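Counting starts at 1 for both ligands and their atoms, following the listed order. Since this is a predicted model, take the numbers as computed values, not measurements.
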Amino acid sequence: MGAKEELLQAITELEEEKSYTLVKKVLDEGVNPKEIIDILRKGVEIVGERFNKKEYFLTELVMSGEIFQQSAKILETAMKEGSETSESLGVVVIGTVKGDVHDIGKNIFVTLLQAAGFEVHDLGVDIAAEKFINKVKETKADIVAYSGLLTVALDSMKETTEALKSAGLRGEVKIIIGGLPVDEMWMKEVGADAYTDNAFKGVKIVTNWLREG
Ligand code: B12
């Protein structure tokens, strides 16, 4: 088995240290960082499929995200040095809304978005409307994503959409909401365009939006 195949296997088997060693090895062998990212993406995708089939659990999903993030950091410098600029599928601004600090699910969604090729600006947790607005302006985002697990997150999500409207930005972006309690009623109250409590579905939804233009 070549180093690239070994890397894919290490990710899908969640062998953290081995994955990082192999990322460095294939990089040293002259493999294009973009190709390595594709291997990492494939690895996270396979873990996701196993999670959906209930062969893997949340811990494995979180771990694959961690391996992806850390490996991407190793590659970051090499990617910056290379002249190529990898084209992003679209720009997403995401955060856990004000009053809420739950971020495990948000981080999974962020990893999957990055793995799918989106440029993601993750604001973090307990994010007030104003911060979303500023980031959307700064990045000319296509998509705004709110995460929230607490009931109080509903009000914060509503406030953020209202603020986007007041800033004249609502027509410029699509809004997706996610987290444990979200449903159609929340989506309507919040004035969002889509909702899901499944990060994989979320990626499909936003990918379709951008394909449709
Ligand atoms: C872990 C946890 C915590 C951790 C959070 C650590 C962290 N870094 O996130 C800590 C200990 C800090 C915590 C604190 C609190 N928690 Co808490 N917590 C949980 C717990 C056990 C698991 C949440 C979790 O991570 N699930 C796993 C992830 C993967 O699932 P997920 O978030 O739903 O994400 C998935 C999807 O929803 C989706 N997704 C998530 N976000 C987004 C966003 C987008 C855009 C998309 C597309 C998809 C997406 O992707 C993920 C994968 O598919 C839940 C109980 C439960 N069963 O959910 C309670 C729970 C959410 N917590 C609760 C409460 C009450 C609290 C506290 C108020 C407790 C307290 N008294 O202090 C504080 C609040 C702090 C605050 N201000 O936010 C309640 C909420 C009740 C409510 N209706 O409001 C719950 C439901 C527990 C309960 N049954 O009472 N909590």
Side-chain angles (χ1 to χ4, degrees), residues 14 41 43-69 89-129 131-133 135-136 139 141-161 163-164 170 173-212:
L14 288 320
R41 276 181 194 166
V44 174
E45 216 177 283
I46 293 170
V47 173
E49 284 162 11
R50 291 184 186 170
F51 174 77
N52 282 340
K53 283 195 248 161
K54 301 202 170 22
E55 292 168 12
Y56 272 170
F57 298 98
L58 188 61
T59 332
E60 280 94 354
L61 196 58
V62 174
M63 174 63 82
S64 75
E66 177 69 17
I67 295 176
F68 180 88
Q69 299 281 4
L89 259 178
V91 180
V92 183
V93 168
I94 184 168
T96 299
V97 293
K98 194 173 145 198
D100 197 329
V101 302
H102 294 85
D103 68 354
I104 297 171
K106 169 184 71 63
N107 294 345
I108 292 172
F109 184 51
V110 166
T111 303
L112 295 179
L113 284 174
Q114 288 170 337
F118 285 89
E119 176 185 324
V120 185
H121 298 271
D122 183 2
L123 297 169
V125 297
D126 190 18
I127 302 302
K131 284 195 184 163
F132 276 97
I133 308 301
K135 206 53 163 183
V136 168
T139 60
D142 305 293
I143 288 156
V144 181
Y146 315 148
S147 183
L149 263 70
L150 298 178
T151 315
V152 295
L154 177 61
D155 286 335
S156 303
M157 289 185 184
K158 275 198 241 173
E159 274 169 29
T160 310
T161 307
L164 280 168
R170 181 62 187 96
V173 294
K174 287 265 199 186
I175 301 175
I176 182 166
I177 62 171
L180 191 68
V182 301
D183 58 14
E184 193 161 351
M185 188 275 288
W186 270 56
M187 181 185 84
K188 285 182 181 153
E189 288 240 345
V190 166
D193 301 299
Y195 74 92
T196 178
D197 61 357
N198 179 316
F200 294 95
K201 275 194 199 146
V203 174
K204 279 194 189 137
I205 293 169
V206 297
T207 306
N208 284 339
W209 281 346
L210 292 174
R211 282 212 187 108
E212 287 159 8

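- In terms of protein heavy-atom proximity, atom 57 (N) of ligand 1 is closest to Leu180 CD2, 4.5 Å.
- Atom 65 (C) of ligand 1 has Leu150 CD2, 4.0 Å as its closest protein atom, hydrogens excluded (heavy atom only).
- For the pair Thr161 (side chain) and Val190 (backbone), a donor-acceptor distance under 3.5 Å is present.
- Here the heavy atom of the protein found nearest to atom 36 (C) of ligand 1 is Asp197 O, 3.1 Å.
- For Tyr195, the closest heavy-atom approach to ligand 1 does not fall below 4.0 Å.
- Under a 4.0 Å criterion applied to the non-hydrogen atoms of Asp100, ligand 1 contributes the atoms 78 (O).
- Ranking the protein heavy atoms by distance from atom 84 (O) of ligand 1 puts Thr151 N, 3.0 Å first.
- Glu49 and Lys53 are not joined by a salt bridge, as no carboxylate oxygen comes within less than 4.0 angstrom of a charged side-chain nitrogen.
- Short contacts between ligand 1 and Ala145, defined as distances under 4.0 Å to a heavy atom of the residue, involve ligand atoms 45 (C).
- In terms of modelled atom types and a separation under 3.5 Å, the side chain of Asp100 and the main chain of Leu150 share a donor-acceptor contact.
- Remark: side-chain polar atoms of Glu60 are paired, donor with acceptor, to backbone N or O of Phe57 under 3.5 angstrom.
- The nearest protein heavy atom to atom 49 (C) of ligand 1 is closer than 4.0 Å.
- Nearest non-hydrogen protein atom to atom 6 (C) of ligand 1 is Ile104 CD1, 4.2 Å.
- Scanning the protein heavy atoms around atom 26 (N) of ligand 1, the nearest turns out to be Leu149 CD2, 4.5 Å.
- Checked against atom 17 (Co) of ligand 1, the N, O or S atom of His102 at the shortest distance is NE2.
- In this comparison of Gly99, Ser147, Gly105, Gly178, the heavy atom closest to atom 51 (C) of ligand 1 sits on Gly105.
- Formation of a donor-acceptor pair under 3.5 Å by the Thr96 side chain with backbone atoms of His102 is found in this model.
- Counting all heavy atoms, side chain and backbone alike, Gly124 lies closest to Ile127 at O-CG1, 3.6 Å.
- In this structure, atom 69 (C) of ligand 1 has no protein heavy-atom contact shorter than 4.0 Å.
- Counting heavy-atom neighbours within 6.0 Å of Met187 CE, excluding the residue itself, gives a total above 12.
- Looking only at heavy atoms of the protein, atom 39 (N) of ligand 1 is closest to Gly179 N, 3.7 Å.
- If you number the atoms of ligand 1 from 1 as listed, the ones under 4.0 Å from a heavy atom of Val101 come out as 9 (O), 75 (C), 76 (C), 77 (N), 78 (O).
- If you number the atoms of ligand 1 from 1 as listed, the ones under 4.0 Å from a heavy atom of Ala199 come out as 38 (C), 50 (O), 52 (C), 53 (O).
- Remark: distances from the non-hydrogen atoms of Pro181 to ligand 1 are all 4.0 Å or more.
- Ion pairing between Asp193 and Arg170 holds under the 4.0 Å rule for side-chain N and carboxylate O.
- By the criterion of a heavy-atom distance under 4.0 Å, the backbone of Tyr146, and not its side chain, is placed next to ligand 1.
- For atom 8 (N) of ligand 1, the nearest protein heavy atom (residue, atom name, distance) is Asp103 OD1, 2.7 Å.
- No donor-acceptor distance shorter than 3.5 angstrom exists from the side chain of Asp197 to the backbone of Leu180, with no hydrogens or angles considered.
- Taking every heavy atom of Asn198 and a limit of under 4.0 angstrom, the matching atoms of ligand 1 come to 53 (O).
- Listed by number with element, the atoms of ligand 1 under 4.0 angstrom from any heavy atom of Leu58 are 27 (C), 29 (C).
- Distance screen at 4.0 Å: atom 20 (C) of ligand 1 has no protein heavy-atom neighbour inside the cut-off.
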